[in-house]
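Heads up: the structure comes next, in structure tokens.
Along the sequence shown, the residues carry numbers beginning at 1. Heavy-atom basis, side chains included; hydrogens, waters and symmetry copies ignored.
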Amino acid sequence: FPVTIDTYFFYLIKLHMTTPWINQLQAHPIVPVFYHSDAGLAVEIVLACYARGVRHFEWTNRGPGALATFHRLREVTRQQCPGMTLGIGTILSPEQAIPFLEAGADFLVQPGTTLSVGELCREQAIPWIPGVMTPTEIMTAWMAGASAVKIFPGQSLSPMYIKALRGPFPQIPIMVTGGVEPTPESLQSWLGSGVQAVGIGSQLFKNLNDPTSITDLLIHLHSTLPTL
């Protein structure tokens with residue numbers, strides 16, 4: 001859409017508001033993406049991730065109890081996880097977004113781009129990370145106020161695709177979700193391509209019955225970050 005004086009100044013204001021959070025995201029680039037119907041287990045997972053260096057956690061809206069558990073997680077993280085941001089993902093519409101924003105979501109992630117959701121986040125100064133794949137989708141989301149864009153699903157693309165995007169879009173923060181393996185090699189490949197963060201879901205939580213394996217894996221991954 002046409003660039004006007006209003007959109008230009010909005011662009012500058014948006015950068016000012018979101019840059020600190022993006023800097024924090026880049027400093028702690030591993031973002032667990034998780035949902036489970038058992039609220040108690042969800043609390044255990046979040047606390048375990050925090051204890052092993054995670055500072056951004058994406059809870060996903062993928063079940064009827066998602067909002068109730070989010071309220072529980074919000075309370076726990078405020079009390080026990082200083083410095084952690086708790087976001088909500090898998091949001092498709094403003095109607096889905098509003099109760100989570102009212103519950104205190106620190107950021108909002110989408111599988112695609114809903115401009116009205118972006119407008120809602122902008123009004124509340126909440127970082128909005130819509131899902132995109134193509135250059136046109138990236139441009140549309142960025143000009144609509146995205147704080148970053150989420151390349152999804154990552155397994156359909158490659159780190160080389162990210163490197164190609166960096167030519168025309170060096171200033172746009174990118175997160176990739178889907179297909180990121182919880183291995184140093186996978187992290188090196190994606191982070192080395194120019195993304196600011198990676199979302200890791202099912203691959204990280206294969207052994208839910210053994211939380212120690214998850215925390216050990218996070219320790220290993222975080223230990224490799226300074227070398228990436």
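- Of all heavy-atom pairs between Trp128 and Ala144, the closest is CZ3-O, 3.8 Å.
- Within the 3.5 Å criterion, the main-chain N or O of Trp190 finds a donor-acceptor partner in the side chain of Ser193.
- Between Leu92 and Pro111, the shortest heavy-atom distance links the atoms CD2-CG, 3.6 Å.
- Taking CG from Leu165 and CD1 from Ile172, the interatomic distance works out to 9.0 Å, rounded to the nearest 0.5 Å.
- For the pair Ile151/Thr177, no side-chain contact is recorded, criterion being any heavy-atom separation below 4.5 Å from C-beta on.
- Once rounded to the nearest 0.5 Å, the distance linking CD1 of Ile138 with CZ of Phe169 reads 5.0 Å.
- By the 30° and 60° cut-offs, the orientation of the rings of Phe107 relative to Trp21 is tilted.
- Both Val46 and Phe70 are part of a single hydrophobic cluster, where members link through side-chain heavy atoms under 4.5 Å apart.
- Within the 4.5 Å cutoff, the side chain of Ser93 has no heavy atoms near those of the Thr114 side chain.
- Taking 4.5 Å as the limit, some side-chain heavy atom of Val117 sits within range of a side-chain heavy atom of Gln110.
- Under the 4.5 Å side-chain heavy-atom criterion for grouping Ile, Leu, Val, Met, Phe, Trp and Tyr, Leu115 is connected to Ile98 within one hydrophobic cluster.
- Within the model, atoms CE of Met84 and CZ of Arg78 stand 13.5 Å from one another, a figure rounded to the nearest 0.5 Å.
- Both Val54 and Leu208 are assigned to one and the same hydrophobic cluster, defined by single-linkage of ILVMFWY side chains at heavy-atom distances under 4.5 Å.
- Atoms CG and CZ, on Asp216 and Arg52 in that order, are 7.5 Å from each other to the nearest 0.5 Å.
- You'll find the side chain of Val198 stays beyond 4.5 Å of the side chain of Val31, heavy atoms only.
- The environment of Arg62 atom CZ is sparse: at most 12 non-hydrogen atoms of other residues, nucleotides or ligands sit within 6.0 angstrom.
- Note: the hydrophobic cluster containing Ile126 does not contain Val33 (ILVMFWY, side chain heavy atoms under 4.5 Å, direct or indirect links).
- Side-chain atoms of Leu221 and Pro184, non-hydrogen and from C-beta on, do get closer than 4.5 Å to each other.
- Classification of the Tyr35-Trp59 ring pair by plane angle, with boundaries at 30° and 60°, yields tilted.
- Between Glu75 and Arg72 there is no salt bridge, since none of the side-chain N atoms of the basic residue sits less than 4.0 Å from a carboxylate O of the acidic one.
- A distance-only check finds a donor-acceptor pair linking the side chain of Arg166 to the backbone of Gly194 [under 3.5 Å].
- Using cut-offs of 30° and 60° for the angle between ring planes, the Phe57 and Phe34 rings count as perpendicular.
- Not a single donor-acceptor pair under 3.5 Å links the side chain of Tyr50 to the backbone N or O of Gly83.
- To the nearest 0.5 angstrom, Leu225 atom CG is 10.5 Å from His220 atom NE2.
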Would Gln203 and Val180 satisfy side-chain contact (heavy atoms from CB on, under 4.5 Å), going step by step from the backbone distance to the final call?
CA-CA 8 Å; Gln203 297 294 325; Val180 180; over 6 Å; no
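- Contact between Pro94 and Leu120 at its shortest, heavy atoms only, is O-CD2, 4.1 Å.
- At distances below 3.5 Å, not a single donor-acceptor pair connects side-chain atoms of Ser189 with backbone N or O atoms of Glu185.
- Scanning both residues, Leu67 and Pro99, for their nearest heavy atoms gives CD2-CB, 3.7 Å.
- The closest donor-acceptor contact from the side chain of Glu137 to the backbone of Met133 lies under 3.5 Å.
- Ile91 and Phe152 fall into different hydrophobic clusters, where Ile, Leu, Val, Met, Phe, Trp and Tyr side chains are chained together by heavy-atom contacts under 4.5 Å.
- Side-chain N or O atoms of Thr60 include none that pairs as donor or acceptor with a backbone N or O of Gly89 at under 3.5 Å.
- Using a 4.5 Å heavy-atom cutoff, the side chains of Leu25 and Pro173 are not in contact.
- Remark: the backbone N or O of Gln24 is paired with a side-chain donor or acceptor of His56 at under 3.5 angstrom.
- Atom OG1 of Thr215 and atom CD1 of Ile45 lie 9.0 Å apart (nearest 0.5 Å).
- The two residues Pro127 and Ala125 have their closest heavy-atom pair at CD-O, 3.9 Å.
- Taking a cutoff of 4.0 Å between a charged side-chain nitrogen and a carboxylate oxygen, Arg74 and Asp106 qualify as a salt bridge.
- Listed here is the closest heavy atom pair of Thr113 and Pro130: OG1-CB, 3.4 Å.
- Looking at Leu204 and Leu218, their side chains come closer than 4.5 Å, going by heavy atoms from C-beta outward.
- Remark: side-chain polar atoms of Glu58 are not paired, donor with acceptor, to backbone N or O of Ile88 under 3.5 angstrom.
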